[in-house]
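I have placed the structure first, in the form of structure tokens, so that the comments after it can refer back to it.
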Amino acid sequence: MADRGGLKLLGFIFASVTLAVMLATGMVVKGYADGSYSLESAASVDQ
């Protein structure tokens, strides 16, 4: 069985990665909501 110290460290690492993914996802969603990003490609104006 694993020791408590190792499990605490592993839990902290998983929590940190989860928080980083949540923050990145929130920033991308906010970017889409603000209009910074767009799923449609912009029409070319060059003729």
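The model shown is predicted, which means the values in this text are computed figures rather than measured ones.
If you chain together ILVMFWY residues whose side-chain heavy atoms come under 4.5 Å of each other, Leu10 ends up grouped with Phe14.
Residue pairs that meet the side chain to side chain donor-acceptor pair (under 3.5 Å) test with at least one member in residues 11-30, sequence neighbours left out, are Lys30-Asp34. Note on residues 8-17: no pairs pass salt bridge (Lys or Arg N to Asp or Glu O under 4.0 Å), not counting sequence neighbours.
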